[in-house]
Amino acid sequence: QVQLVESGGGLVQAGGSLRLSCAASGRTGYRYTVGWFRQAPGKEREFVAAIRWSGFMTYYADSVKGRSTISRDNARNTVYLQMNSLKPEDTAVYYCAAGEGVERTSQSSDYDYWGQGTQVTVSS
């Protein structure tokens, strides 16, 4: 089992920045792909970004591309999502997820473990 804990969410004005963290514990000695997803009230959960274990391969949703950077520190078992130029439409609960055999990084069903989420609210 892997436990994931997100942090770094909060209230920020439009145009501001936040850095979300996803800390893993438990069976962390495996080569997990980690993804970030978000869910706004009344909407489906959607893919935001993902990173392979090596850190060399990253993937982004079009909605955040150019404004966000995903990175990881495997020594600390932590993945980060730096979000800049935030917009009110970025408001959502952000979840991190991990999976060992993730083929489709944007598909939530490919991930095995999920965190509880952290709220991001962007005011206009």
Side-chain angles (χ1 to χ4, degrees):
Q1 286 282 2
V2 173
Q3 292 77 44
L4 302 174
V5 178
E6 303 95 335
S7 61
L11 173 64
V12 64
Q13 288 188 330
S17 299
L18 282 175
R19 187 176 81 156
L20 305 184
S21 298
C22 173
S25 61
R27 296 175 74 231
T28 58
Y30 293 83
R31 300 191 174 193
Y32 294 108
T33 293
V34 175
W36 284 97
F37 292 77
R38 66 187 182 186
Q39 188 165 19
K43 294 189 176 181
E44 299 278 322
R45 186 171 297 188
E46 64 175 4
F47 170 74
V48 177
I51 187 167
R52 296 293 188 188
W53 181 86
S54 67
F56 292 124
M57 298 296 292
T58 58
Y59 310 83
Y60 297 93
D62 289 342
S63 58
V64 303
K65 195 174 295 182
R67 301 189 294 123
S68 298
T69 303
I70 189 170
S71 61
R72 68 191 299 162
D73 183 344
N74 287 339
R76 297 178 183 270
N77 296 318
T78 302
V79 171
Y80 305 98
L81 181 66
Q82 176 70 42
M83 300 190 296
N84 302 319
S85 302
L86 283 162
K87 305 174 182 180
E89 49 263 45
D90 293 317
T91 295
V93 176
Y94 283 70
Y95 300 89
C96 68
E100 193 177 1
V102 174
E103 294 186 357
R104 304 165 298 173
T105 55
S106 63
Q107 298 299 309
S108 59
S109 58
D110 275 27
Y111 294 83
D112 302 308
Y113 306 104
W114 290 82
Q116 293 299 306
T118 185
Q119 176 71 48
V120 171
T121 303
V122 184
S123 63
S124 56

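Quick note: residue numbers are just sequence positions, from 1.
- The aromatic rings of F37 and W114 sit tilted, their planes meeting at an angle between 30° and 60°.
- Between the side chain of Q3 and the main chain of A24, no donor-acceptor pair closer than 3.5 Å is present.
- One hydrophobic cluster, built from ILVMFWY side chains closer than 4.5 Å, cannot hold both Y80 and V120; they sit in different ones.
- Closest heavy-atom contact between A50 and T105: CB-CB, 3.8 Å.
- A distance of 9.5 Å separates CG in D112 from CD in Q1, rounded to the nearest 0.5 Å.
- Taking CZ of R31 as the reference point, atom CG of N74 lies at 9.5 Å (rounded to 0.5 Å).
- Between V79 and W36, some side-chain heavy-atom pair lies under the 4.5 Å cut-off.
- A donor-acceptor pair under 3.5 Å is absent between the side-chain atoms of Q13 and the main chain of S123, judged by distance alone.
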Before giving the answer on salt bridge (Lys or Arg N to Asp or Glu O under 4.0 Å), spell out for D62 and K65 the whole-Å C-alpha distance, their side-chain angles and the decisive distance to 0.1 Å.
-> CA-CA 5 Å; D62 289 342; K65 195 174 295 182; 3.3 Å; yes

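- Two residues are said to be in side-chain contact when any heavy atoms from C-beta on lie closer than 4.5 Å; V12 and M83 fail this criterion.
- Residues S109 and R104 meet the side-chain proximity criterion, which asks for heavy atoms closer than 4.5 Å.
- Contact annotation: the side chain of I70 approaches that of Y60 to within less than 4.5 Å [non-hydrogen atoms, C-beta and beyond].
- With no hydrogens or angles considered, a side-chain donor-acceptor pair links S17 and N84 at under 3.5 Å.
- Residue pairs meeting the disulfide (SG to SG under 2.5 Å) criterion with at least one member in residues 48-124, sequence neighbours excluded: C22-C96.
- When all heavy atoms are compared, the tightest approach of A92 to A40 is CB-N, 3.8 Å.
- Considering CD of E100 and CH2 of W53, their distance stands at 12.0 Å, rounded to 0.5 Å.
- How far CZ of R72 is from OG of S21: 13.5 Å, rounded to the nearest 0.5 Å.
- Using a 4.5 Å cut-off on side-chain heavy atoms (C-beta onward), Y32 and V102 make no contact.
- Note on V64: it clusters hydrophobically with V122, by side-chain heavy-atom contacts below 4.5 Å among ILVMFWY residues.
- At least one side-chain heavy atom of D110 sits under 4.5 Å from a side-chain heavy atom of E103.
- Side chain of T91 to backbone of E89: no donor-acceptor contact under 3.5 angstrom is found.
- When hydrophobic clusters are built by joining Ile, Leu, Val, Met, Phe, Trp and Tyr residues whose side-chain heavy atoms come closer than 4.5 Å, directly or via intermediates, V34 is not grouped with Y95.
- Interatomic distance, R52 CZ to Y59 OH, rounded to the nearest 0.5 Å: 4.0 Å.
- No side-chain heavy atom of T118 sits under 4.5 Å from any side-chain heavy atom of V93.
- Counting heavy atoms from C-beta outward, S7 and L20 have side chains that stay 4.5 Å or more apart.
- Side-chain N/O atoms of Y94 and R38 include a donor and acceptor closer than 3.5 Å.
- Taken to the nearest 0.5 Å, the OG1 atom of T33 stands 6.5 Å off from the OH atom of Y111.
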